[in-house]
Amino acid sequence: MTHSASAARRGQTGPLISASFDSPELAAAYDRFGVLQFEHGKELVALLHIAPGESVLDIGAGTGRLAAYVAEIVGEAGRVVAIDPLPLRLDMARARADRHFETKIGRAEDLSAFDDGSFDVVYLNSVYHWIEDKPRALGEIYRVLRPGGRFGVNCHDPGRPHEVRLLVRYAMAAAQTELAPELGYPSLGVSETELMVQISAAGFVGALSEQRTFVDTFPDVEAVVGWASSSTFGNFLSGISNADRDRVVETLARLLEVKRGPDGIRLERYLTFATAHKPVQSPE
């Protein structure tokens with residue numbers, strides 16, 4: 001998914017996303033800011049009713065905070081495998097694991113390391129909107145789930161962008177950067193309707209979905225930029241010059257002041273949560 005920066009000039013319609021921008025600094029920042037995703041990850045886990053002794057696959061586990069939480073739920077009789085394509089983040093997850101869960105380099109589109117029917121539960125916490133080949137990923141997830149196994153996902157809906165995404169677009173438009181405003185904070189998210197169609201097309205049944213709103217509080221613009229940069233593994237404002245980036249951040253800082261309350265800058269985030277399960281019996 002690596003493209004040249006020149007591909008993201010004005011008029012480019014697709015997002016510029018690369019796994020090559022990650023760094024030790026971004027991985028460490030993500031581990032600090034990742035508590036935001038950890039909190040809504042716990043809500044996803046609750047919807048899946050994970051039980052002691054079950055086998056669970058965490059796709060896009062990052063630094064392993066949620067995998068460690070799930071490992072406590074399944075206990076010693078269970079199994080948690082955490083995979084991620086970013087080695088620096090998985091190194092941090094491995095340090096956190098300490099016999100509580102396994103870690104492997106991997107991505108949703110290729111789960112060939114696992115046999116058919118290997119897991120009771122598979123989930124993706126704030127990961128689906130980074131997957132390019134979603135049908136292939138869902139097919140792999142379906143394959144590695146046992147009959148009756150549960151699947152859960154939460155995902156960004158481009159039709160309902162987070163407040164910070166809108167503010168970044170306004171800041172980029174005001175700064176008149178060469179990068180199209182909508183590409184400064186890229187995502188491969190899908191609408192709730194499209195997500196449900198994709199889940200059904202993969203063969204899952206009993207699908208349920210809902211939109212949930214989260215409110216994040218940041219002390220200053222540096223924290224907002226740190227969160228955006230680390231959670232996008234460096235893709236935030238990646239296609240512009242340092243001078244343009246400085247202008248965007250300065251404008252963003254002014255816009256964010258409108259959102260400041262007594263406890264800091266409050267920004268709403270919106271995610272679609274969906275769950276489904278693999279049929280107990282395969283279709284004829």
Side-chain angles (χ1 to χ4, degrees), residues 1-3 7 12-20 37 40-41 44-45 47-48 55-62 81-86 104-161 182-183 186-212 231-233 235 270-284:
M1 294 189 293
T2 302
H3 306 276
Q12 178 73 13
T13 57
L16 175 72
I17 297 174
S18 171
S20 67
Q37 292 182 334
H40 64 243
L44 179 62
V45 167
L47 290 173
L48 292 167
S55 182
V56 180
L57 177 62
D58 181 331
I59 297 177
V81 180
I83 68 170
D84 198 280
L86 300 173
K104 293 180 181 291
I105 294 288
R107 57 179 63 244
E109 299 95 325
D110 181 6
L111 301 179
S112 57
F114 308 109
D115 294 335
D116 296 359
S118 296
F119 297 98
D120 299 295
V121 178
V122 177
Y123 65 79
L124 301 92
N125 181 41
S126 282
V127 173
Y128 197 70
H129 42 252
W130 297 117
I131 296 175
E132 185 172 357
D133 191 341
K134 292 175 172 61
R136 180 177 176 182
L138 289 171
E140 279 288 85
I141 291 167
Y142 186 93
R143 179 184 65 79
V144 301
L145 275 171
R146 66 165 177 79
R150 290 103 66 203
F151 165 63
V153 61
N154 51 38
C155 181
H156 168 237
D157 181 344
R160 196 182 183 209
E182 65 273 15
L183 301 182
S187 168
L188 296 171
V190 296
S191 70
E192 182 176 8
T193 299
E194 186 176 357
L195 175 61
M196 295 298 278
V197 168
Q198 291 176 355
I199 290 173
S200 177
F204 291 99
V205 297
L208 298 172
S209 68
E210 62 176 298
Q211 294 271 357
R212 295 194 180 188
S231 64
T232 62
F233 36 99
N235 285 274
Y270 316 105
L271 291 172
T272 302
F273 279 64
T275 58
H277 64 269
K278 184 174 180 176
V280 175
Q281 293 184 335
S282 299
E284 296 295 335

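These figures come from a predicted structure and were not determined experimentally. Just so you know, residue 1 is the first one in the sequence shown, and it goes up from there.
Nearest heavy atom pair, residue S209 against residue T272, reads CB-CG2, 4.5 Å. Across A108 and E140, no two heavy atoms sit closer than the pair O-CB, 3.6 Å. Closest approach of G60 and D84 over heavy atoms only: C-OD2, 3.2 Å. Contact between A274 and L195 at its shortest, heavy atoms only, is CB-CD2, 3.9 Å. D157 and Q211 get closest at one heavy-atom pair: OD2-NE2, 3.4 Å. Here the shortest heavy-atom pairing between P279 and V205 reads CG-CG1, 3.9 Å.
Atom-to-atom distance recorded for R150:CZ and K278:NZ is 14.0 Å, nearest 0.5 angstrom. To the nearest 0.5 Å, atoms CD1 (I141) and CZ (R136) are separated by 12.5 Å.
Counted by atom type alone, S191 and T193 present zero donor-acceptor pairs between their side chains at under 3.5 Å.
Here S200 pairs with nothing under the side-chain contact (heavy atoms from CB on, under 4.5 Å) rule; sequence neighbours left out. Remark: V127 engages L124, I131 in a side-chain contact (heavy atoms from CB on, under 4.5 Å) (not counting sequence neighbours). Take T232 and apply the side-chain contact (heavy atoms from CB on, under 4.5 Å) test, not counting sequence neighbours, and it matches W130, Y185, N235, F236. Listed by chain and number, the residues in a side-chain hydrogen bond (donor to acceptor under 3.5 Å, both in side chains) with H277 amount to none (sequence neighbours excluded). Listed by chain and residue number, nothing satisfies the ring-ring contact (aromatic ring centres under 6.0 Å, His included) test with Y128 (two or more places apart in sequence, or in another chain). With sequence neighbours excluded, the residues that form a side-chain hydrogen bond (donor to acceptor under 3.5 Å, both in side chains) with N154 are N125. P85 pairs by the side-chain contact (heavy atoms from CB on, under 4.5 Å) definition with R107, not counting sequence neighbours. Remark: H40 engages F214 in a ring-ring contact (aromatic ring centres under 6.0 Å, His included) (not counting sequence neighbours). When the ring-ring contact (aromatic ring centres under 6.0 Å, His included) test is applied to Y123, no partner is found at least two apart in sequence or on another chain. For the side-chain hydrogen bond (donor to acceptor under 3.5 Å, both in side chains) test, residues two or more places apart in sequence or in another chain that qualify with D110 are S112. Residues forming a side-chain hydrogen bond (donor to acceptor under 3.5 Å, both in side chains) with D115 (at least two apart in sequence, or on another chain): none. For E192, there are no salt bridge (charged side-chain N to carboxylate O under 4.0 Å, His left out) partners two or more places apart in sequence or in a different chain.
Side-chain contact between L271 and R212: absent, with no pair of heavy atoms (C-beta onward) separated by less than 4.5 Å. Under the 4.5 Å side-chain criterion, counting only non-hydrogen atoms from C-beta, L111 is not in contact with V122. Looking at heavy atoms from C-beta onward, T275 lies out of side-chain contact with F273 at the 4.5 angstrom threshold.
Checked for salt-bridge contact, R146 and D120 meet the test: a charged N lies under 4.0 Å from a carboxylate O.
By the 30° and 60° cut-offs, the orientation of the rings of F204 relative to F151 is parallel.
Under the 3.5 Å distance criterion, the side-chain polar atoms of H129 are matched with a main-chain donor or acceptor of H156.
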